[in-house]
Number of protein chains: 2
Amino acid sequence: MPARIVEVREGVLKKNDLLARGLRERFGAAGVAVVDLVSSPGSGKTALLERTLSELSGRLRAGALVGDLATDNDARRLAVSGAPVRQITTGTVCHLDAEMVARALEGWDLASLDLLFVENVGNLVCPSSYDLGESLRAVLFSVTEGEDKPLKYPTIYNSADLAVLTKVDLAEAVGFDRAAAREAVDRVRPGLEILETSARTGEGIDAWLDRLMGLLAGGRDEERPAAGRASA
Amino acid sequence: MPARIVEVREGVLKKNDLLARGLRERFGAAGVAVVDLVSSPGSGKTALLERTLSELSGRLRAGALVGDLATDNDARRLAVSGAPVRQITTGTVCHLDAEMVARALEGWDLASLDLLFVENVGNLVCPSSYDLGESLRAVLFSVTEGEDKPLKYPTIYNSADLAVLTKVDLAEAVGFDRAAAREAVDRVRPGLEILETSARTGEGIDAWLDRLMGLLAGGRDEERPAAGRASA
């Protein structure tokens, strides 16, 4: 990469880190846990979110910010759940940044939410370096993509807190090799937690929801030990 | 995107266009047709190339340049076919550019090839703007990704000459809607040719090979009408 690009990018990332720190403070103050979903296009972020929002409905107050280059298809799909949803269209930009998130949150009362999902632009490269102030970053990885993706896109795995294997109902049809996938993850990020899910059949969705609930309680415990706010 | 980034990017793209023009001239002079494969990670670029190289073996002289952030897994997979293959590892860069291609070609006698495949980094955003001097850019699109990807990543479809639907053997298992996919392509790129393929079952591979052979003859006819070199 040309030196001038590297220099300008470093300036941009520094500015993003500052904005992300501000967002993290706002999220903490409002008592909202933020989950950033990153993956390749078509790994099933929206399908997992559709299922998640509908399962969480009535149990806690969840909302979503959805990033795409173009279209508001995903926001419309997710709004069916009844959860508040906003779309961010990035034009030609291959990731969300903290400024886009801050702008999309304008006028949104964060204290009205327990959990905010951010569905990033489908990309295994660009979102890696952009902190959005999230509590948890989950990298999705569908069984149809091949077991070696963690090896090929190590940076995004290094920036993630959790891997979510999706479309496991297709594992047999595509001859997915779980051991090879586990080994690929371990080579770039030893011990990274992997949850196996299928938004279609519901397999693994309870474990995923438990993980989200735990995050909520955990986040609160850490940040405001004396607040005693109920976790659901 | 911040103004300085836009300005620097424009400079970089201009430089890339100049380099790509030089590459295109070299490819033309050497009589090699260059096919750039772009897609999301895990859409099956390498699987299609494996099958393609092995089918072409003995029929024409094909080679491949393979781009990835990390690993030379794909080059090793493709080398099994016996075709000459070189890997480009881009580090954190989300696309190939003309300079990387030129560097990877150093010392390679292009006249020894009829067809050179360039497997781009798995990304539906970044490669759009980088001309590599290719004769044909094919955007791959697997049935497991969902029918709306063209709508969400219009720029890459606008830069492509052909769409190749992959993994069609899984179409039924994932409930893929062909009409919706066709409509999505037409909304961003009316009439773009779509070839349906399965590298696993071989479905559609003959049509893909015919398309490649036609490209070869066509490219030669246009560029060197009097050369009279046999096309296979």
Side-chain angles (χ1 to χ4, degrees), chain A residues 1-2 4-9 11-12 15 39-44 46-47 68-71 73-74 77 89-95 97 99 121-126 128-129 141-156 167 169-170 172-175 184 187-188 200, chain B residues 1-2 4-9 11-12 15 39-44 46-47 68-71 73-74 77 89-95 97 99 121-126 128-129 141-156 167 169-170 172-175 184 187-188 200:
Chain A
M1 197 183 283
R4 268 195 76 203
I5 280 268
V6 170
E7 184 193 320
V8 176
R9 271 200 66 191
V12 168
K15 187 182 155 209
S39 81
S40 164
S43 293
T46 313
D68 266 307
L69 269 66
T71 86
N73 290 4
D74 292 351
R77 277 172 65 185
T89 48
T90 65
T92 58
V93 180
C94 53
H95 58 83
D97 64 28
E99 192 175 359
V121 175
N123 201 301
L124 281 182
V125 187
C126 315
S128 311
S129 318
F141 166 25
S142 69
V143 298
T144 60
E145 288 169 56
E147 299 82 357
D148 65 349
K149 290 302 161 291
L151 299 173
K152 290 178 163 187
Y153 301 90
T155 315
I156 200 106
K167 311 190 191 181
D169 54 299
L170 295 172
E172 205 176 326
V174 298
R187 277 175 60 190
V188 298
R200 196 202 285 188
Chain B
M1 199 183 285
R4 268 196 77 202
I5 282 267
V6 171
E7 184 193 319
V8 176
R9 272 199 65 190
V12 169
K15 187 184 155 208
S39 82
S40 166
S43 294
T46 313
D68 265 308
L69 269 66
T71 86
N73 291 3
D74 291 353
R77 279 172 65 184
T89 48
T90 64
T92 58
V93 179
C94 51
H95 58 84
D97 64 29
E99 192 175 357
V121 176
N123 199 302
L124 282 182
V125 186
C126 314
S128 312
S129 319
F141 164 26
S142 69
V143 299
T144 60
E145 290 169 55
E147 298 83 357
D148 66 347
K149 290 300 161 292
L151 299 174
K152 290 179 163 185
Y153 301 91
T155 315
I156 200 104
K167 310 188 191 182
D169 54 300
L170 294 172
E172 204 176 328
V174 299
R187 276 176 60 190
V188 298
R200 197 201 286 188

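Reminder, nothing fancy here: chain letters follow the sequence lines and each chain counts from 1.
- Note: A:Pro41 leads A:Ala70, A:Gly146, A:Pro41 in heavy-atom pairs under 4.5 Å with chain B.
- With a 4.5 angstrom heavy-atom cutoff, A:Pro154 touches chain B only via side-chain atoms.
- Chain A forms the most heavy-atom pairs under 4.5 Å with one residue out of B:Thr155, B:Asn73, B:Thr46, and that residue is B:Asn73.
- Across every non-hydrogen atom of A:Tyr153 and B:Leu69, the tightest pair is CE2-CD1, 4.2 Å.
- The most heavy-atom pairs under 4.5 Å with chain B, out of A:Leu124, A:Thr90, A:Asp169, A:Asn123, come from A:Asn123.
- At a 4.5 Å heavy-atom cutoff, the contact between A:Cys94 and chain B is made by backbone and side-chain atoms alike.
- In terms of heavy-atom pairs under 4.5 Å with chain A, the best-connected choice from B:Val125, B:Asp148, B:Asp74 is B:Val125.
- The backbone N or O of A:Thr144 lies less than 3.5 Å from a partner atom in the side chain of B:Lys167, making a donor-acceptor pair.
- Between A:Glu145 atom CD and B:Ser142 atom OG the span is 8.5 Å, to the nearest 0.5 Å.
- At a 4.5 Å heavy-atom cutoff, A:Val188 makes no contact with chain B through either its backbone or its side chain.
- At a 4.5 Å heavy-atom cutoff, the contact between A:Lys152 and chain B is made by backbone and side-chain atoms alike.
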Worked verdict on A:Leu170 versus B:Leu170 for side-chain contact (heavy atoms from CB on, under 4.5 Å): CA-CA 9 Å; A:Leu170 295 172; B:Leu170 294 172; 5.7 Å; no
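- Between B:Leu151 and A:Thr71, the closest heavy-atom pair is O-CG2, 3.3 Å.
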